[in-house]
Amino acid sequence: MRSRSVVRTGTRPKYINAFWAGSNIILLSRDEGGELVREIAPVEHASFIRKAAFDKHPELRSVIESSRYITGWREEGEFIRIQWTLREKAIAAAEKDGWFAQHGIDVFEADVDPVRRYITDNRIEIARPLRCYLDLETDDRLPFSQLTQMTILCWAVVSEDGTRKMTGVLSEESTEGERTLLKGLFEELRRYDQVCAWNGDRFDFKVIAARLAAVGLAVEMRRWLWTDHLPVFERFNMNSAESGEEKQSMSLGSVAAAVLGPDEKKLVKLGEVGGKRTYAMWKAGGEERDNLVVYCLDDADKERRIEDKTGCLETLFAVAQATHTFPDTRGADPVKFVEGYLLWMGAERGMHFPTWHPPPPSEEREKYRGAWVMEPTRTGILRDVHVADFARLYPSIIITWNMSLETMGEPWSLEKRQPTYLAHLPSGTNEVPVGYCAAPNITVDEILTVYDSVLFRNEPEGILPAMCIEFIRMRSYWDDEKKKHPPGSPLWVDANRRAAAFKICVNSVYGVAGSIWSRFFNKQLAESVTQAGVWLIQKTIEAGETRRIRTIYGDTDSTFSMGVGETEFAEFVKWCNADLYPRILKERGCTRNAISLAYEKAFDFLVMLGKKRYAGKYLHYKGKRADASSKPEIKGLEFKRGDVARLARQMQSDVINLLLAGKHEPQFYEDVVMAYRKRVLEGQLELADVKLAKGLSKSLREYIPKIKKDGEASALPPHVIVAKELAKRGRDVGQGIRIEYYVRDASTDPPIYAAAEDWKGDVDRYHVWENQVYPATLRVLATAFPRHDWAKFERARPKKDGGTASGTLFTKAALAVPVGARDKRVVVAAKKPGGSTGQGSLF
DNA sequence: AACTTTGGCGAGCGGG
DNA sequence: CCCGCTCGCCAA
């Protein structure tokens with residue numbers, strides 16, 4: 001490799017990557033000329049104990065000094081740093097039943113990765129890696145499960161600015177041929193530091209590693225940052241999807257189409273359309289082989305254009321640089337990057353954190369209580385609904401109650417016998433101990449109200465709140481920087497990314513405190529955060545009630561209220577911030593207050609269906625009046641879901657848009673329903689209209705059918721049945737893969753499900769209407785017009801004994817509306833006797 | 001390897 | 001017909 005190894009002197013460079021190799025840490029940077037520079041530093045396997053342990057255990061010093069696994073120790077502030085021969089020894093000594101634990105000595109950070117150790121102790125800064133996009137085409141005659149045996153037929157590498165596009169194609173089917181191809185690939189890759197591939201972790205990177213071994217090439221893979229673009233896109237870009245349409249498929253082609261627009265013409269995706277293609281194309285040689293390379297290059301370039309548009313890899317880099325983490329796939333994991341910053345800050349303060357221990361299996365894990373979701377007190381079409389929400393609720397709570405592991409005090413339990421109807425009153429005896437604040441954690445049952453609080457010391461500032469404050473400060477710094485530059489200019493774009501990155505960081509702090517995969521996990525702490533949120537929102541709703549503000553719904557950090565005008569509601573929000581929160585927080589012993597409620601928006605019309613399901617038309621949003629071009633806000637409804645049939649989304653969206661536009665005559669919607677019904681039962685249907693797509697949340701073998709009473713195995717979920725069939729064909733049906741399928745015939749027992757790739761137009765139209773398309777809209781209409789009978793349109797399938805259905809699907813049997821077909825659940829109000837039951841003209 | 005959390009809805013299945 | 005269960009997706 002054309003790199004040079006140096007002994008470091010002078011100013012420390014920023015590093016593009018580092019990895020642990022045997023007894024060394026290898027650090028990579030690039031010099032002024034862009035040449036790769038490697039530095040070598042000795043690896044250290046360290047753990048920490050409190051210095052006080054030496055006083056308590058006089059024998060400790062000699063135990064440490066005589067251990068053959070300990071190479072040294074030294075004092076560092078309040079801690080002793082112990083250096084181990086092997087990482088495994090450091091971890092073993094910190095085990096829950098290890099020597100230290102038996103002697104009541106806490107061991108800190110024993111499991112910290114050696115690279116992280118080095119970054120933390122040596123204050124390593126992260127440099128921007130040179131990025132490229134990679135795609136491979138492999139021999140598709142082998143099933144996905146045998147990807148390690150797949151010969152690489154060609155590769156394409158595109159530089160991040162798109163000015164350099166290189167490809168390689170297999171010259172001959174032999175080990176030597178593939179070795180030459182791989183050599184060519186790595187000759188190209190060494191210009192870069194970060195290699196991005198769509199689905200790379202599942203496919204391309206695995207194939208490369210396997211083929212290097214197969215042809216006998218030794219390459220130090222850890223020298224690159226291997227970044228799977230797909231999960232990074234999902235994590236940093238997904239919330240931008242408006243409808244479920246974009247969530248149907250995460251394939252490169254689909255995402256490119258969604259992100260780059262309809263003019264992005266997708267080339268035929270190899271291996272997906274037309275069955276086995278790649279090997280045949282390569283084998284054919286000539287123009288066909290050239291086409292294979294063209295496809296391959298086009299995919300690599302799609303990635304580049306997706307990044308140009310979304311910037312999610314740039315955001316990953318901004319997060320990584322802010323948290324001293326390298327921007328590979330794992331660097332996108334909140335647990336990883338928050339830990340990076342936590343240890344960084346801890347080192348500044350002479351603090352160390354608990355050793356992380358592998359958690360028990362999920363069945364044994366104790367959950368903690370989360371947010372509160374209010375049952376809507378009103379459903380249907382509502383007017384003038386004001387929405388307030390807490391700014392960054394959980395970080396604000398962490399700051400306000402100074403919630404951190406090291407500030408956590410004793411649990412503080414207070415039981416109070418009082419009737420439930422008084423449960424909302426302050427306990428009256430909650431004298432919080434001096435110097436502490438009490439996290440509200442209230443359980444109310446029939447007669448007992450339990451304030452099962454955790455106390456937190458107000459001083460000094462905890463490291464978790466400090467981290468939140470720093471991230472918030474940095475976000476606002478970059479927001480200010482942004483304003484100094486013309487929108488869209490390079491400096492503006494950079495500031496925008498960094499602001500976005502710090503927002504991601506702020507929002508990740510709570511999740512990490514609540515994650516068992518984090519060394520900072522603490523159930524009591526995490527529950528204190530969520531329950532403080534419950535308390536705040538409930539206090540807000542109560543306070544509103546005394547001011548004629550009727551809150552009809554709320555979820556976690558928001559309230560939806562009616563009964564007053566904009567001015568009064570704005571006044572209320574102001575009063576909450578100026579008066580209510582300062583007062584009640586003081587009562588809980590808080591000396592800080594980062595809680596802030598904002599009047600976010602108001603809805604002109606709101607169609608409220610239930611918890612987490614509504615659609616609204618804005619009156620104003622964040623101070624700006626809505627206009628005709630303002631899009632409706634839709635939450636939770638099928639329209640937003642990527643797993644339902646497209647027709648279900650379309651029909652529901654049509655009806656919602658009409659409702660929000662002020663169309664409020666039921667008869668009008670009867671016509672819409674009948675038109676859709678006709679289309680589903682008689683019209684042209686394409687696969688995309690009726691396709692369902694569900695992900696596999698675990699590997700196929702983990703779906704174990706229950707045994708029925710009769711001793712038979714019960715049915716697996718439809719997408720799993722289809723996935724098993726696809727597995728037989730050698731398709732990739734691993735964990736996380738979305739299975740696309742449709743219902744061929746639901747009248748049989750069991751129903752027949754078919755993979756999307758087997759589409760022959762033979763879809764069960766009755767099932768499509770009754771189960772996939774109409775219910776989503778039925779629920780909207782039944783909520784909007786509760787006195788109207790909407791269930792009568794639901795039945796479509798002719799009764800088995802109902803004579804001979806032939807010709808048109810609109811036979812008498814299909815149109816008959818048996819009384820029993822009415823779904824009582826959606827007929828909210830009693831039907832008016834003899835009233836309009838919608839015997840529309842089509843009947 | 002794949003893991004931020006809990007709350008909640010609806011589809012599908014099976015049993016009473 | 002209702003209920004309880006699992007599953008996957010979505011809200012926050």
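Every chain is numbered from 1, with letters handed out A, B, ... down the list of sequences. We use all heavy atoms of the structure for the numbers below, so side chains are in, but hydrogens, waters and symmetry mates are not.
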Report yes if a side-chain nitrogen or oxygen of [X] is closer than 4.0 Å to either non-bridging phosphate oxygen (OP1 or OP2) of [N]; otherwise report no.
{"X": "Lys709(A)", "N": "dG16(B)", "answer": "yes"}
{"X": "Lys611(A)", "N": "dG8(B)", "answer": "yes"}
{"X": "Arg779(A)", "N": "dC9(B)", "answer": "no"}
{"X": "Asn507(A)", "N": "dT4(B)", "answer": "no"}
{"X": "Tyr553(A)", "N": "dG8(B)", "answer": "no"}
{"X": "Tyr703(A)", "N": "dC13(B)", "answer": "no"}
{"X": "Lys367(A)", "N": "dG7(B)", "answer": "no"}
{"X": "His719(A)", "N": "dC7(C)", "answer": "no"}
{"X": "Arg738(A)", "N": "dC9(C)", "answer": "yes"}
{"X": "Arg235(A)", "N": "dT4(B)", "answer": "yes"}

Could you give the [atom1]-to-[atom2] distance, from [X] to [N], as a whole number of Å?
{"X": "Arg365(A)", "N": "dC3(B)", "atom1": "CZ", "atom2": "P", "answer": "10 Å"}
{"X": "Glu740(A)", "N": "dG8(C)", "atom1": "CD", "atom2": "C1'", "answer": "15 Å"}
{"X": "Ile721(A)", "N": "dA11(B)", "atom1": "CD1", "atom2": "C1'", "answer": "13 Å"}

Measure from the side-chain heavy atoms of [X] and tell me the nearest of [options].
{"X": "Asp333(A)", "options": "dA11(C), dC13(B), dC3(B)", "result": "dC3(B)"}
{"X": "Arg641(A)", "options": "dT4(B), dC7(C), dC9(C)", "result": "dC9(C)"}
{"X": "Val335(A)", "options": "dC9(C), dC13(B), dT4(B)", "result": "dT4(B)"}

For Arg378(A), look at atom CZ and say whether over 12 heavy atoms of other residues, nucleotides or ligands are found less than 6.0 Å away.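 It does not: Arg378(A) CZ has 12 such atoms or fewer within range.
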Residue pair Arg797(A) / Glu770(A): nearest heavy atoms and the distance that separates them: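 In this case the closest contact between Arg797(A) and Glu770(A) is N-OE2, 2.8 Å.
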Could you measure between the two C1' atoms, the one in dA1(B) and the one in dA11(C), and give it in whole Å?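 The answer is 28 Å between these two C1' atoms.
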Taking only the C1' atom of each, what is the distance from dT4(B) to dC10(C) in whole angstrom?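 Pairwise C1' distance, dT4(B) against dC10(C), rounds to 16 Å.
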Would you kindly check whether a donor in the side chain of Arg613(A) faces an acceptor in the base of dA11(C), or vice versa, at under 3.5 angstrom?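 Side chain to base: no pair below 3.5 Å.
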Is a donor-acceptor contact shorter than 3.5 angstrom present between the side chain of Asp201(A) and the base of dA2(B)?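 Pair found.
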Can we say [X] and [Y] salt-bridge, meaning some charged N sits less than 4.0 Å from an Asp/Glu carboxylate O?
{"X": "Lys617(A)", "Y": "Glu633(A)", "answer": "no"}
{"X": "Asp201(A)", "Y": "Lys206(A)", "answer": "no"}
{"X": "Asp732(A)", "Y": "Arg202(A)", "answer": "yes"}

Heavy atoms under 4.0 Å, any strand shown: does [X] hit a base, just sugar-phosphate, or nothing?
{"X": "Tyr753(A)", "result": "sugar-phosphate"}
{"X": "Lys336(A)", "result": "nothing"}
{"X": "Ser714(A)", "result": "sugar-phosphate"}

On DNA chain B, nearest-nucleotide positions of Ile516(A) versus Met374(A): which is more 5'?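 Result: Ile516(A).
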Assess the residue pair Glu702(A) and Ser699(A) against the criterion (side-chain hydrogen bond (donor to acceptor under 3.5 Å, both in side chains)); give the C-alpha distance rounded to whole Å, side-chain angles, the decisive distance to 0.1 Å, and a yes or no. CA-CA 6 Å; Glu702(A) 290 173 84; Ser699(A) 73; 2.8 Å; yes
